Chemist: 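Okay, here's the structure, questions in a sec.
Being a predicted model, the structure only gives us computed values, none of them experimental.
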Amino acid sequence: MMGNARKRRAAFNPLSLAFLDVMSCGFGAVVLLFLILDHTAQEEQGEVDPAVQAEAALLEEEVEDGEENLVRLRNTLNEVSLEVVEAQGRATRIQQEIEDFRQQLAALEGDTLTSEERIEQLRAEVETLEEELQRMQAAAPEDTGGAAREFLGEGDRQYLSGMYMGGNRILILLDVSASMLDETLVNVIRTRNLPAEQQRNARKWQRAVRVVEWVVSQLPLDSQYQVYGFNDDITPILDGTAGEWLEVDNRDLQERLSQSLSMLTPRSGSNLQRAFEAATALAPRPDNIYLITDSLPTLSNRSNSMEGNVTPRQRMERYWDAVDGLAENIPVNTILLPMEGDPGAAAAFWQLAYLTRGSFVTPSTDWP
């Protein structure tokens, strides 16, 4: 029986051999695949592109510099705000002290028993405080950027800082022709037939007035200026100042100028040639000109009356007549307001800025 058992164990079983072979080959393939994939991942993880690493380092430095600059700007803003608050507080205290001293001085002057020495001492203290208050008020324009006048508007006006606001004698030429009443020809005709008060309140014209006030408010305090309005004629906006230069730091003149602007009513066509001739005739001549208009001129000295429609070619001819009458070496900065039916205006005034070394701006609707 034992011999029979050994014979049975030694008998060959092909099914058992095939199963073991398949299992061994499959296990080996899995191990080999695992080793290959793992080794490849380590190599890819270890490789770093030097260019990408350098760019990342540069971006990190820029971010750090930007954060440091932001911190410094915030600190500077806080310091300036604190100084402004302190200055306002000192001014308020000084005014209050002046009032208190004046009351004491009035009471002492009414008392005949008070010594003259005490009264003179109070007077001297009042004068000292008034002088200090005047010095603080005089330094206020420097703290606000040297602006000649405060101007508050709805839009962001800083994007016009590219325009040259300097010069010793600045001439502002304002187009007061009928086209300044609206942006479309149909509405210009409609508005022109309304009462004068409604014409002066037209949105486009009010915008032109604000542009003039903004330019005046940005002029250097140590400069001079003049504002002329032109249509079929050329006249100073401020009556009685023809041929004169006005001081920027004279606030009373600026208030009178604003009042005169509020009483202007646009009419007739525009003769730019007369405007440039008036600029050349000023003595001394201006060294900077601001032109506020909306289109090429419709009139000239050769044809100073409106006879039917003016073609684009005629407008361009009258524009060149005006440019020929302008003195050399005077920058012209044009602020062009919108107007339909004159596609050549933007290109012409851009060319004028290039020829005179001035600037050309077509502002957005929310400015100034």
Side-chain angles (χ1 to χ4, degrees), residues 163-164 167 169-181 183 185 188-189 192 204-205 208 211-212 215 225-237 242-243 264 266-362:
M163 300 185 73
Y164 175 56
R169 294 172 299 277
I170 300 96
L171 175 62
I172 303 173
L173 297 175
L174 174 63
D175 188 345
V176 293
S177 63
S179 65
M180 299 292 283
L181 292 172
E183 300 178 6
L185 295 175
V188 166
I189 296 174
R192 190 176 57 186
K204 180 179 176 181
W205 173 244
V211 171
V212 175
V215 173
Y225 73 103
Q226 179 58 271
V227 185
Y228 278 176
F230 68 95
N231 40 34
D232 57 351
D233 199 3
I234 177 75
T235 56
I237 300 298
L264 275 179
R267 64 172 185 83
S268 187
S270 59
N271 189 335
L272 185 61
Q273 185 176 6
R274 287 191 175 180
F276 282 167
E277 289 177 349
T280 304
L282 283 171
R285 289 179 178 175
D287 53 16
N288 201 9
I289 293 178
Y290 280 90
L291 174 62
I292 304 168
T293 185
D294 65 343
S295 59
L296 293 174
T298 56
L299 305 174
S300 67
N301 293 348
R302 293 183 296 177
S303 177
N304 202 40
S305 61
M306 298 290 291
E307 298 178 357
N309 294 328
V310 182
T311 64
R313 182 176 180 179
Q314 291 174 329
R315 283 174 175 264
M316 189 60 66
E317 291 175 351
R318 292 164 189 182
Y319 161 80
W320 283 115
D321 289 340
V323 174
D324 291 340
L326 180 65
E328 296 182 356
N329 300 324
I330 302 180
V332 179
N333 307 279
T334 303
I335 301 176
L336 185 66
L337 300 181
M339 182 64 196
E340 73 170 8
D342 192 11
F349 286 116
W350 177 89
Q351 187 177 26
L352 178 63
Y354 176 78
L355 294 174
T356 62
R357 299 181 183 274
S359 58
F360 170 72
V361 174
T362 54

Chemist: Between Val212 and Ile292, is there a side-chain heavy-atom distance shorter than 4.5 Å?
Modeler: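 Answer yes - side chains close enough.
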Chemist: Set out, in order, the CA-CA distance, both residues' side-chain angles and the distance that settles side chain to side chain contact (heavy atoms under 4.5 Å, CB included) for Tyr228 and Thr235, then state yes or no.
Modeler: CA-CA 6 Å; Tyr228 278 176; Thr235 56; over 6 Å; no
Chemist: Is the distance between the ring centroids of Phe349 and Tyr319 under 6.0 Å?
Modeler: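 Yes: the rings meet the under 6.0 Å criterion.
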Chemist: Looking at Asp232 and Arg274, is there a salt bridge between them, counting it only when a charged N and a carboxylate O are closer than 4.0 Å?
Modeler: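 Judged by the 4.0 Å cut-off on N to carboxylate O distance, Arg274 and Asp232 do not form a salt bridge.
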Chemist: Assess the residue pair Asn271 and Ile234 against the criterion (side chain to side chain contact (heavy atoms under 4.5 Å, CB included)); give the C-alpha distance rounded to whole Å, side-chain angles, the decisive distance to 0.1 Å, and a yes or no.
Modeler: CA-CA 8 Å; Asn271 189 335; Ile234 177 75; over 6 Å; no
Chemist: Please answer whether the main-chain N or O of Val332 pairs with a side-chain N or O of Thr356 as donor and acceptor at a distance below 3.5 Å.
Modeler: yes
Chemist: Nearest 0.5 Å, what's the CH2-CG distance between Trp205 and Leu337?
Modeler: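 Rounded to the nearest 0.5 Å, the CH2-CG separation comes to 10.0 Å.
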Chemist: Within the side chain of Asn333, is there an N or O that forms a donor-acceptor pair under 3.5 Å with the backbone of Phe360?
Modeler: no
Chemist: Measuring from Ser300:OG to Asp324:CG, what's the distance to the nearest 0.5 Å?
Modeler: 11.5 Å
Chemist: Does the Gln273 side chain pair with the main chain of Arg318, one donor and one acceptor, at a distance under 3.5 Å?
Modeler: no
Chemist: Does Asp287 use its side chain to pair, donor to acceptor, with the backbone of Arg169 at less than 3.5 Å?
Modeler: yes
Chemist: Are Phe230 and Leu291 close enough that some pair of their side-chain heavy atoms sits under 4.5 Å apart?
Modeler: yes
Chemist: Roughly how far, to the nearest 0.5 Å, is CD1 of Ile172 from CD of Gln226?
Modeler: 9.0 Å
Chemist: Tell me if a side-chain donor or acceptor on Ser177 pairs with a main-chain N or O of Asn231 at a distance below 3.5 Å.
Modeler: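 The answer is no, because no donor-acceptor pair under 3.5 Å joins these two groups.
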Chemist: By salt bridge (Lys or Arg N to Asp or Glu O under 4.0 Å), which residues pair with Glu183, not counting sequence neighbours?
Modeler: none
Chemist: Do you know the tightest heavy-atom contact between Tyr290 and Ile170?
Modeler: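 Tyr290 and Ile170 have their closest heavy atoms at CD1-CG2, 3.7 Å.
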Chemist: Using 0.5 Å steps for rounding, measure from the CH2 atom of Trp320 to the CG atom of Leu352.
Modeler: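 Output value for this atom pair is 8.0 Å.
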Chemist: Check Ala279 against Leu171 and note the closest heavy-atom contact, atom names and distance.
Modeler: CB-CD2, 3.3 Å
Chemist: Could you measure the distance from the CD1 atom of Ile335 to the OG1 atom of Thr362? Nearest 0.5 Å is fine.
Modeler: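 With rounding to 0.5 Å, CD1 (Ile335) is 10.5 Å from OG1 (Thr362).
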Chemist: So, does Thr280 use its side chain to make a donor-acceptor pair with the main chain of Ala327 at under 3.5 Å?
Modeler: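 Yes, the answer is positive, given that a donor and an acceptor are paired below the 3.5 Å cut-off.
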Chemist: Roughly how far, to the nearest 0.5 Å, is CZ of Arg285 from CG of Asn329?
Modeler: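 Asn329 CG to Arg285 CZ: 9.5 Å, rounded to 0.5 Å.
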Chemist: Please report the closest heavy-atom contact between Ser179 and Val188, naming both atoms and the distance.
Modeler: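 Looking at all heavy atoms of both residues, the closest pair is O-CG2, 4.0 Å.
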Chemist: Which pair of non-hydrogen atoms, one from Ser295 and one from Asp342, has the smallest distance, and what is that distance?
Modeler: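 The pair with the smallest heavy-atom distance is CB-OD2, 3.1 Å.
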Chemist: Write down the atom of Arg315, the atom of Leu296, and the distance for their closest heavy-atom approach.
Modeler: NH1-O, 2.8 Å
Chemist: To check you understand the geometry: which heavy-atom pair defines the closest contact between Met339 and Asp294, and what is its length?
Modeler: CB-O, 3.3 Å
